Amino acid sequence: MRVGLFSVGRLKAGPEKELAARYIDRFAKAGPAIGLELGKLAEVGESRAGNADTRKREEAAMLEKALPDGAVLILLDERGKSLDSPAFADFLAGFRDSGKRDLMIAIGGADGLDPALYERANATLCLGKMTWPHQLVRILLAEQLYRAVTILSGHPYHRS
Ligand SMILES: C[S@@+](CC[C@H](N)C(=O)[O-])C[C@H]1O[C@@H](n2cnc3c(N)ncnc32)[C@H](O)[C@@H]1O
């Protein structure tokens, strides 16, 4: 199964971009052995429309364009469901084992994600109850994807 990321807000060159890329690269290298491949990495700039509802609608339209046909859509939101790392690994493996070809995880911009996306999404997950900037969310998610692969493959990176 290909695991892609959609992010509103571009990462500038610097330590956040480097760290996110480091974990994405580790995920890309270790994932195929357990049936998880790196999918599409879609990064779009924040909409500049006049109000938050319009901005979120425009950003949601960009997400719809980037979504592969039939993809599982997972939203990240501080009000979402909290999973520990082994449960996140099982969550991914469940979609993989049910034969899904693509799964895309979406991170919103400063306004968050459009409400319509929550109806379309297969699940909404959180990385704790605090609100993080999208740059840090990208890093946290990338690390958890790599960690999930190590859990599923029995690699000692994750020690519970
Ligand atoms: C700065 S936050 C936007 C907060 C916005 N006020 C809202 O109501 O959603 C940018 C994005 O980072 C992600 N995010 C921030 N904190 C998170 C958390 N604790 N768990 C999961 N995702 C989070 C979400 O995708 C969010 O849309």
Side-chain angles (χ1 to χ4, degrees), residues 1-14 16-17 19-21 23-28 31-32 34-83 87-149:
M1 180 175 75
R2 294 181 294 225
V3 179
L5 304 185
F6 175 88
S7 319
V8 178
R10 298 190 190 280
L11 279 190
K12 293 189 195 121
E16 295 97 341
K17 189 168 184 153
L19 195 50
Y23 287 118
I24 289 291
D25 188 51
R26 288 188 192 176
F27 171 75
I34 50 122
L36 294 178
E37 289 171 30
L38 181 62
K40 192 184 268 190
L41 295 178
E43 182 189 67
V44 300
E46 289 194 83
S47 161
R48 294 176 179 264
N51 66 67
D53 288 345
T54 313
R55 288 195 291 274
K56 286 194 275 192
R57 267 201 300 278
E58 285 188 1
E59 290 162 1
M62 294 190 259
L63 169 57
E64 294 291 351
K65 259 193 196 163
L67 262 186
D69 282 347
V72 173
L73 174 62
I74 308 302
L75 305 182
L76 287 190
D77 183 312
E78 58 269 34
R79 291 151 294 214
K81 184 175 176 184
S82 171
L83 299 178
F88 179 58
D90 286 345
F91 174 82
L92 293 174
F95 287 111
R96 176 200 62 187
D97 297 344
S98 67
K100 298 290 182 192
R101 237 167 91 82
D102 287 281
L103 178 147
M104 182 81 105
I105 306 181
I107 301 168
D111 296 309
L113 293 160
D114 187 61
L117 290 174
Y118 291 78
E119 287 160 33
R120 152 76 176 82
N122 297 74
T124 301
L125 300 182
C126 84
L127 299 166
K129 288 186 177 174
M130 291 179 174
T131 301
W132 303 102
H134 70 87
Q135 297 92 331
L136 291 184
V137 171
R138 199 103 64 100
I139 296 167
L140 294 173
L141 174 62
E143 197 276 344
Q144 285 301 306
L145 286 172
Y146 172 60
R147 186 176 293 274
V149 163

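Everything numeric in this text was worked out from a predicted model, so none of it was measured.
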Colleague: Find the distance between CG (L92) and CD (Q144) and round it off to the nearest 0.5 Å.
Modeller: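 Between L92 CG and Q144 CD, I get 10.0 Å after rounding to 0.5 Å.
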Colleague: Between atom CG of L117 and atom CD of E59, what is the distance when rounded to the nearest 0.5 Å?
Modeller: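 Rounded to the nearest 0.5 Å, the CG-CD separation comes to 10.0 Å.
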Colleague: Considering non-hydrogen atoms only, spot the tightest contact between A121 and L75 and give its length.
Modeller: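 Here A121 and L75 meet closest at CB-CG, 3.6 Å.
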Colleague: So which heavy atom on W132 is nearest to which on L127, and how close?
Modeller: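 Taking every non-hydrogen atom into account, NE1-O, 3.3 Å.
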Colleague: Between N122 and A71, which heavy-atom pair has the shortest distance, and what is it?
Modeller: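 For N122 versus A71, the nearest heavy atoms are OD1-O, 4.4 Å.
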Colleague: If you look only at distance, which donor and acceptor atoms sit under 3.5 Å apart when one is on a side chain in residues 40-48 and the other is two or more places apart or in another chain?
Modeller:
residue: K40; atom: NZ; partner: A66; partner atom: O; Å: 3.0
residue: E43; atom: OE2; partner: L11; partner atom: N; Å: 2.9
residue: E43; atom: OE2; partner: R138; partner atom: NH1; Å: 3.2
residue: E43; atom: OE2; partner: R138; partner atom: NH2; Å: 2.9
residue: E46; atom: OE1; partner: A110; partner atom: N; Å: 2.9
residue: S47; atom: OG; partner: A49; partner atom: N; Å: 3.1
residue: S47; atom: OG; partner: E58; partner atom: OE1; Å: 2.7

Colleague: So for atom CZ, which belongs to R101, do other residues, nucleotides or ligands contribute more than 12 heavy atoms lying within a distance under 6.0 Å?
Modeller: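 No - once you tally the heavy atoms of other residues, nucleotides and ligands closer than 6.0 Å, there are 12 at most.
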Colleague: Using side-chain hydrogen bond (donor to acceptor under 3.5 Å, both in side chains) as the criterion, list what pairs up with D53, not counting sequence neighbours.
Modeller: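 D53 satisfies side-chain hydrogen bond (donor to acceptor under 3.5 Å, both in side chains) with no other residue.
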Colleague: Do you know which two heavy atoms are closest between P68 and M104, and how far apart they sit?
Modeller: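 Scanning both residues completely, I find the closest heavy atoms to be CD-CE, 3.9 Å.
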Colleague: Does E143 have any side-chain hydrogen bond (donor to acceptor under 3.5 Å, both in side chains) partners at least two apart in sequence or in another chain, and if so, which?
Modeller: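 E143 satisfies side-chain hydrogen bond (donor to acceptor under 3.5 Å, both in side chains) with R147, Y157 once adjacent residues are dropped.
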Colleague: What do the steps show when you test L73 against F6 for side-chain contact (heavy atoms from CB on, under 4.5 Å), and what is the final call?
Modeller: CA-CA 10 Å; L73 174 62; F6 175 88; over 6 Å; no
Colleague: With sequence neighbours excluded, what pairs up with R2 under the side-chain hydrogen bond (donor to acceptor under 3.5 Å, both in side chains) test?
Modeller: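 R2 satisfies side-chain hydrogen bond (donor to acceptor under 3.5 Å, both in side chains) with D102 once adjacent residues are dropped.
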Colleague: Looking only at non-hydrogen atoms, find the nearest pair between A142 and A20 and report the distance.
Modeller: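 Closest approach of A142 to A20, heavy atoms only: CB-O, 3.8 Å.
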Colleague: State the CZ-NZ distance between R10 and K17, to the nearest 0.5 angstrom.
Modeller: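 The NZ atom of K17 is 9.0 Å from CZ of R10, to the nearest 0.5 Å.
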Colleague: For E78, give me all partners under side-chain contact (heavy atoms from CB on, under 4.5 Å), at least two apart in sequence or on another chain.
Modeller: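 Partners of E78 by the side-chain contact (heavy atoms from CB on, under 4.5 Å) criterion, ordered by chain and then number, come out as T131.
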Colleague: Taking only residues two or more places apart in sequence, or in another chain, which ones meet I105 in a side-chain contact (heavy atoms from CB on, under 4.5 Å)?
Modeller: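 Result, side-chain contact (heavy atoms from CB on, under 4.5 Å) vs I105: V3, L5, I74, L76, F88, L103, L141, L145.
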Colleague: Do I34 and R96 pass the side-chain contact (heavy atoms from CB on, under 4.5 Å) test, and can you show the C-alpha distance, the side-chain angles, and the key distance before you say yes or no?
Modeller: CA-CA 10 Å; I34 50 122; R96 176 200 62 187; 4.0 Å; yes
Colleague: Restricting to ring-ring contact (aromatic ring centres under 6.0 Å, His included), what partner residues turn up for F91, sequence neighbours left out?
Modeller: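 F91: ring-ring contact (aromatic ring centres under 6.0 Å, His included) contacts with F95.
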Colleague: I'd like to check the salt bridge (Lys or Arg N to Asp or Glu O under 4.0 Å) partners of E64; sequence neighbours left out, ordered by chain and number.
Modeller: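 E64 satisfies salt bridge (Lys or Arg N to Asp or Glu O under 4.0 Å) with no residue once adjacent residues are dropped.
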Colleague: Please report the shortest heavy-atom distance between Y146 and Y23, naming the atom on each side.
Modeller: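 Between these two residues, the closest heavy atoms are CB-O, 4.0 Å.
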Colleague: Under the salt bridge (Lys or Arg N to Asp or Glu O under 4.0 Å) test, which residues partner D25, sequence neighbours left out?
Modeller: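 Salt bridge (Lys or Arg N to Asp or Glu O under 4.0 Å) check on D25 returns K29.
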Colleague: Applying salt bridge (charged side-chain N to carboxylate O under 4.0 Å, His left out), which residue pairs with at least one partner in residues 121-131 are found, sequence neighbours left out?
Modeller: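 Residue pairs with at least one partner in residues 121-131: there are none.
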Colleague: Does A87 have any side-chain contact (heavy atoms from CB on, under 4.5 Å) partners at least two apart in sequence or in another chain, and if so, which?
Modeller: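 Partners of A87 by the side-chain contact (heavy atoms from CB on, under 4.5 Å) criterion, ordered by chain and then number, come out as L83, D84.
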Colleague: Test of understanding: with side-chain hydrogen bond (donor to acceptor under 3.5 Å, both in side chains), list the residues that count as partners of R55, not counting sequence neighbours.
Modeller: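 With sequence neighbours excluded, R55 shows a side-chain hydrogen bond (donor to acceptor under 3.5 Å, both in side chains) to D111, given in chain and number order.
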